[in-house]
Amino acid sequence: MTAKIISGIEIAKQITEEIRREVAELKTCHGIVPGLATILVGDDPASHVYVGSKVKTCQNLGIHSERYNLPGSTSEAELQALLGKLNNDPQINGILVQMPVPKHIDETKIIFAINPAKDVDGFHPTSVGRMLIGEPSFLPCTPHGIQVLLERSNINPDGAEVVVVGRSNIVGKPIANILLQKAKYANATVTICHSATRDITDHTRRADILIAAMGKPHFITADMVKDGAVVIDVGTNEIGKTPDGKRILVGDVDFPAVKENAGAITPVPGGVGPMTIIMLMSNTVKAAKMAAGLI
Ligand code: GUN
């Protein structure tokens, strides 16, 4: 069997049009323009690419965006001061600090300093706690994007065995929690594997839905995947550059081999990545509506 390829590009395009209509309606009916501030500290080239895509998508959708590119020498106090200003700026509904931040800045303190009402990344403990107990909250963009990708591909995790490989705060832990909830397009039996798991293959081979999010190129091989399983690849690993300097990206899954026995699979690039950006836009619009008392 050759797997169905789940195109994040196509699904993100559909959602882009839905959000474009919503943004236009907010403007005409309520005079509201959602605003997103992105903050990047330092000159990591990959982070520049990611933030650039987020800013471009805002512009494409009519969302106001403010981009703060700060030097790598920026102190934690300076970053906190900028967050304080943006927390109180009525034109800004969402604040995103691109991770990772340089080592001299405490990432946790920075996340805590963002106004939870503007936490469009869903990283603040208020958002994380609400997600855990199943209360409405800002869901982190990559895990929420995975759930929507499944939903729009008519793959329902209800009652399924879901195995997540990787336990990061950005992907592994939240996707496990989202799919565990007693809710639509969730309600799964979830296992999380990590670096101390004794026999990862023993777990992954039982998965109806396998989510690879450990950041290791081609870690998931064909023998680790049950025939017909749905495989979601969250990895974006740079393994080199083309002669003209473009980054060569591969996922955490050995795509050419795994696609031969999986039932459905996301490619890298063009799978989960585009969903992350569009869910950020969705959260920003939601934050603007909440600020205006519309929801
Ligand atoms: N770094 C990698 N993924 C993300 C993300 O979703 N949000 C932020 N702020 N930083 C990231």
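Residues: numbered from 1 along the sequence shown.
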I want to check something: taking the side chain as every heavy atom from C-beta on, are [X] and [Y] in contact at a cut-off of under 4.5 Å?
X      : Y      : value
Leu294 : Ile32  : yes
Ile178 : Met131 : yes
Ile248 : Glu238 : no

Could you work out, with side-chain hydrogen bond (donor to acceptor under 3.5 Å, both in side chains) as the rule, every residue matching Ser195, not counting sequence neighbours?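 With neighbours one apart ignored, the set is Arg167.
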Straight-line distance of [X] [atom1] to [Y] [atom2], nearest 0.5 Å:
X      : Y      : atom1 : atom2 : answer
Ile211 : Cys193 : CD1   : SG    : 11.5 Å
Glu135 : Ser127 : CD    : OG    : 12.5 Å
Leu150 : Ile155 : CG    : CD1   : 5.5 Å
Gln59  : Arg67  : CD    : CZ    : 9.0 Å
Glu18  : Lys13  : CD    : NZ    : 14.5 Å
Ser282 : Ile15  : OG    : CD1   : 7.5 Å

Going through the checks in order, is the side chain to side chain contact (heavy atoms under 4.5 Å, CB included) test met by Val272 and Ile232? CA-CA 8 Å; Val272 174; Ile232 306 291; 3.7 Å; yes
Should side-chain heavy atoms under 4.5 Å link Ile, Leu, Val, Met, Phe, Trp and Tyr, which residues sit in the same cluster as Val231?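 Joined to Val231, directly or through intermediates: Ile5, Val163, Val165, Ile200, Leu210, Met214, Phe219, Ile220, Met224, Val225, Val253, Phe255, Val258, Ile265.
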For the backbone of [Y] and the side chain of [X], can you confirm whether one donor and one acceptor N or O come within less than 3.5 Å of each other?
X      : Y      : value
Gln181 : Leu132 : yes
Asp106 : Thr108 : yes
Asn237 : Gly251 : yes
Thr74  : Leu70  : no
Asp252 : His218 : no
Gln147 : Tyr185 : yes
Asn177 : Lys173 : yes
Asn283 : Phe138 : no
Lys27  : Gly62  : no

Lys184/Glu151 ion pair, N-O < 4.0 Å: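 No, this pair does not count.
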Where do Thr38 and Leu36 land on the side chain to side chain contact (heavy atoms under 4.5 Å, CB included) test, with the steps shown first? CA-CA 6 Å; Thr38 59; Leu36 175 70; 4.0 Å; yes
Could you see if [X] belongs to whatever hydrophobic cluster contains [Y]? Use Ile, Leu, Val, Met, Phe, Trp, Tyr and a side-chain cutoff under 4.5 Å.
X      : Y      : answer
Val171 : Leu180 : yes
Met281 : Ile39  : yes
Ile111 : Ile95  : yes
Tyr50  : Val268 : no
Leu61  : Val55  : no

Are more than 12 heavy atoms from other residues, nucleotides or ligands located less than 6.0 Å from atom CG of Asp43?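 No, the 6.0 Å shell around CG holds no more than 12 heavy atoms from other groups.
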Evaluate whether atom NZ of Lys4 has more than 12 neighbouring non-hydrogen atoms of other residues, nucleotides or ligands under 6.0 angstrom away.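 Result for NZ/Lys4: enclosed.
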Per the side chain to side chain donor-acceptor pair (under 3.5 Å) rule, what does the pair list look like for residues 77-103, sequence neighbours excluded?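 Found Lys54-Gln98, Ser75-Glu78.
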Taking all heavy atoms of Gly122 and all of Val128, pick out the closest pair and write down the distance.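 It is O-CG2, 3.8 Å.
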So, for Pro100 and Glu107, which heavy atoms are closest and what is the spacing to 0.1 Å?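 Where Pro100 meets Glu107 most closely, the heavy atoms are CA-OE1, 4.2 Å.
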Stepwise, does the side chain to side chain contact (heavy atoms under 4.5 Å, CB included) test hold for Ile146 with Met275? CA-CA 7 Å; Ile146 294 170; Met275 296 301 292; over 6 Å; no
Side-chain donor-acceptor pair present, Asp233, Thr266, cut-off under 3.5 Å: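 Short answer, no.
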Can you see whether Thr276 engages Thr142 through a side-chain donor-acceptor pair at a distance of less than 3.5 angstrom?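 A donor-acceptor contact under 3.5 Å links the two side chains.
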Leu40 and His48: CA distance, side-chain angles, deciding distance, side chain to side chain contact (heavy atoms under 4.5 Å, CB included) verdict: CA-CA 8 Å; Leu40 174 54; His48 271 274; 3.6 Å; yes
Walk me through it: do Lys226 and Glu161 pass the test salt bridge (Lys or Arg N to Asp or Glu O under 4.0 Å)? CA-CA 11 Å; Lys226 182 169 80 173; Glu161 292 281 343; over 6 Å; no
